[in-house]
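Right, one structure below, let's go through it.
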Amino acid sequence: MSEHLFAVLGGMGTLATENFIQELNRLSAASKDQDYLNYVVYNKASIPDRTDYILDKNAPNPIPFLASGLQKLVAMEPDFIVMPCNTAHFFYDELAKSINVPFLNMIDETVKELISRGAEQGMKIGIAATEGTIKSKIYEDKLNEAGFDSYVPNKELQQIVNDLIYVDIKQNSDVNMPRYNKMVSYFEAEQCDYVVLGCTELSIFNSYDQKKRDNVVDADDVLVRKTVELARQTQPLV
């Protein structure tokens with residue numbers, strides 16, 4: 001009898017992957033060992049920086065690393081694969097074509113979440129993400145297609161976002177809540193109806209945020225919930 005499982009391609013970055021798994025386990029509604037979900041995590045920390053390549057094609061190309069990671073996971077025969085890195089979804093279409101396993105798209109799922117929360121066409125949606133994600137327009141295009149008015153940070157706000165991602169989390173493993181609160185307030189001052197946390201490092205702040213703001217849509221949290229939903233279809237609680 002084959003055992004159902006799903007797979008996670010992580011390492012982008014490692015602390016963000018750890019946060020994804022912690023939230024996943026928290027939402028598994030487990031009261032004993034056997035209630036947790038079956039999954040395999042490949043923390044492929046060697047994947048080159050996605051933003052570096054998007055901004056400069058002379059930088060190391062992450063696609064071969066992402067593709068090889070997916071192939072290793074495919075060999076495990078998972079029911080589906082998730083990739084908790086927003087910026088890496090710039091390469092989603094090419095990667096999805098290279099495997100024969102369902103591969104969740106966190107950008108699409110986040111747009112669906114906005115709609116399910118009652119966001120209406122014409123509403124202003126702020127995008128908090130890496131410069132690579134912003135330049136790639138993977139969120140902006142999807143939001144505009146859905147009829148929203150997407151807002152990308154100006155230089156000052158983007159620097160705050162960059163510092164949260166690269167200085168606070170990646171460099172110092174520091175959950176700098178005052179800076180995070182400043183970022184959200186900045187988007188609110190720009191009259192954004194919702195703020196999308198489109199970087200898994202930013203999702204760490206949301207996990208620590210006691211306010212759990214209704215106007216903040218965390219893409220990583222959306223992916224976690226969708227992952228649990230799909231996994232429970234093949235791994236029901238006993």
Side-chain angles (χ1 to χ4, degrees), residues 7-17 19-20 42-74 80-114 125-146 148 150-155 157-159 161-162 164-166 169-170 195-204 217-224 226-227:
V8 181
L9 179 59
M12 301 171 279
T14 293
L15 292 181
T17 300
N19 185 68
F20 178 87
Y42 185 5
N43 194 67
K44 194 171 174 61
S46 57
I47 299 171
D49 190 88
R50 285 64 59 201
T51 290
D52 285 350
Y53 182 73
I54 292 171
L55 298 179
D56 179 7
K57 294 303 186 290
N58 292 316
N61 188 345
I63 295 178
F65 293 80
L66 290 163
S68 67
L70 287 173
Q71 290 302 327
K72 284 185 172 64
L73 292 175
V74 168
F80 62 92
I81 297 174
V82 298
M83 180 172 65
C85 174
N86 292 268
T87 311
H89 278 69
F90 175 69
F91 314 105
Y92 174 87
D93 290 341
E94 181 175 350
L95 294 170
K97 292 175 183 175
S98 70
I99 60 176
N100 60 355
V101 173
F103 186 23
L104 291 190
N105 187 313
M106 71 191 303
I107 314 299
D108 290 342
E109 295 300 329
T110 301
V111 174
K112 293 177 187 176
E113 174 67 15
L114 277 164
I125 312 297
I127 306 169
T130 65
E131 291 183 83
T133 296
I134 297 297
K135 182 178 180 180
S136 71
K137 294 189 175 182
I138 54 177
Y139 269 107
E140 188 176 354
D141 288 346
K142 294 281 187 179
L143 289 169
N144 291 345
E145 286 173 14
F148 297 117
S150 57
Y151 171 78
V152 297
N154 57 27
K155 186 175 181 180
L157 177 53
Q158 187 61 53
Q159 187 58 56
V161 173
N162 290 349
L164 286 165
I165 297 168
Y166 294 100
I169 299 299
K170 289 185 181 291
V195 180
V196 169
L197 299 184
C199 176
T200 48
E201 271 75 27
L202 296 177
S203 301
I204 296 173
V217 178
D218 178 359
D220 199 50
D221 179 65
V222 172
L223 185 63
V224 166
K226 186 64 178 180
T227 298

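Values in this document were obtained by computation on a predicted structure and should not be read as measured data.
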List the steps, then state whether side-chain contact (heavy atoms from CB on, under 4.5 Å) holds for Val74 with Ile81.
CA-CA 8 Å; Val74 168; Ile81 297 174; 4.0 Å; yes
Would you please test Tyr166 and Thr51 for side-chain contact (heavy atoms from CB on, under 4.5 Å) and show each step?
CA-CA 11 Å; Tyr166 294 100; Thr51 290; 3.6 Å; yes
Lys72/Tyr42 under side-chain contact (heavy atoms from CB on, under 4.5 Å): CA gap, chis, key distance, verdict
CA-CA 9 Å; Lys72 284 185 172 64; Tyr42 185 5; 3.6 Å; yes
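A donor and an acceptor atom, one from each side chain of Thr14 and Asn43, are located under 3.5 Å apart. Counted by atom type alone, Glu109 and Asn105 present zero donor-acceptor pairs between their side chains at under 3.5 Å.
Atoms CG and CD1, on Leu197 and Ile204 in that order, are 11.5 Å from each other to the nearest 0.5 Å. The OG1 atom of Thr110 lies 11.0 Å from the NZ atom of Lys142; values are rounded to the nearest 0.5 Å. Atom CG of Leu70 is separated from atom CE of Met83 by 7.0 Å, given to the nearest 0.5 angstrom. To the nearest 0.5 Å, atom OH of residue Tyr92 and atom CG of residue Asn86 are 14.0 Å apart. The CG atom of Leu143 sits 10.5 Å away from atom CD1 of Ile138, with the distance rounded to the nearest 0.5 Å. Atom CG of residue Leu15 and atom NZ of residue Lys170 lie 8.5 Å apart, to the nearest 0.5 angstrom.
Nearest heavy-atom pair, Val8 versus Pro84, reported as atom, atom and distance to 0.1 Å: CG1-CD, 3.7 Å. Minimum interatomic distance between Gly132 and Thr87 (heavy atoms only, all atoms of both residues): C-CG2, 4.3 Å. The two atoms that bring Leu223 and Thr227 nearest to each other are O-OG1, 2.7 Å, heavy atoms only. Among all heavy-atom pairs drawn from Met106 and His89, the shortest one is N-NE2, 3.2 Å. The two residues Asn61 and Phe65 make their nearest non-hydrogen contact at O-CD1, 3.5 Å. Of all heavy-atom pairs between Met12 and Thr17, the closest is N-OG1, 3.9 Å.
Counting heavy atoms from C-beta on, the side chains of Val196 and Phe148 never come closer than 4.5 Å. In this structure, Cys199 and Thr133 have side chains that are not in contact, with every pair of non-hydrogen atoms separated by 4.5 Å or more. Side-chain atoms of Val224 and Phe20, non-hydrogen and from C-beta on, do get closer than 4.5 Å to each other. For the pair Ile165 and Leu202, the minimum side-chain heavy-atom distance is below 4.5 Å.
At least one test fails for Lys137 against the ring of Tyr139: distance under 6.0 Å to the centre or angle within 45° of the axis.
Annotation for Lys97: atom NZ does not count as buried by contact number, only 12 or fewer foreign heavy atoms lying within 6.0 Å.
Using a distance-only test at 3.5 Å, with no hydrogens or angles considered, no donor-acceptor pair links the side chain of Thr200 to the main chain of Cys85. One N or O on the side chain of Gln158 and one on the backbone of Ala129 form a donor-acceptor pair closer than 3.5 Å. Between the side chain of Glu140 and the main chain of Ser150, no donor-acceptor pair closer than 3.5 Å is present. One N or O on the side chain of Gln71 and one on the backbone of Ser98 form a donor-acceptor pair closer than 3.5 Å.
Ring planes of Phe91 and Tyr53: tilted class, angle from 30 to 60°.
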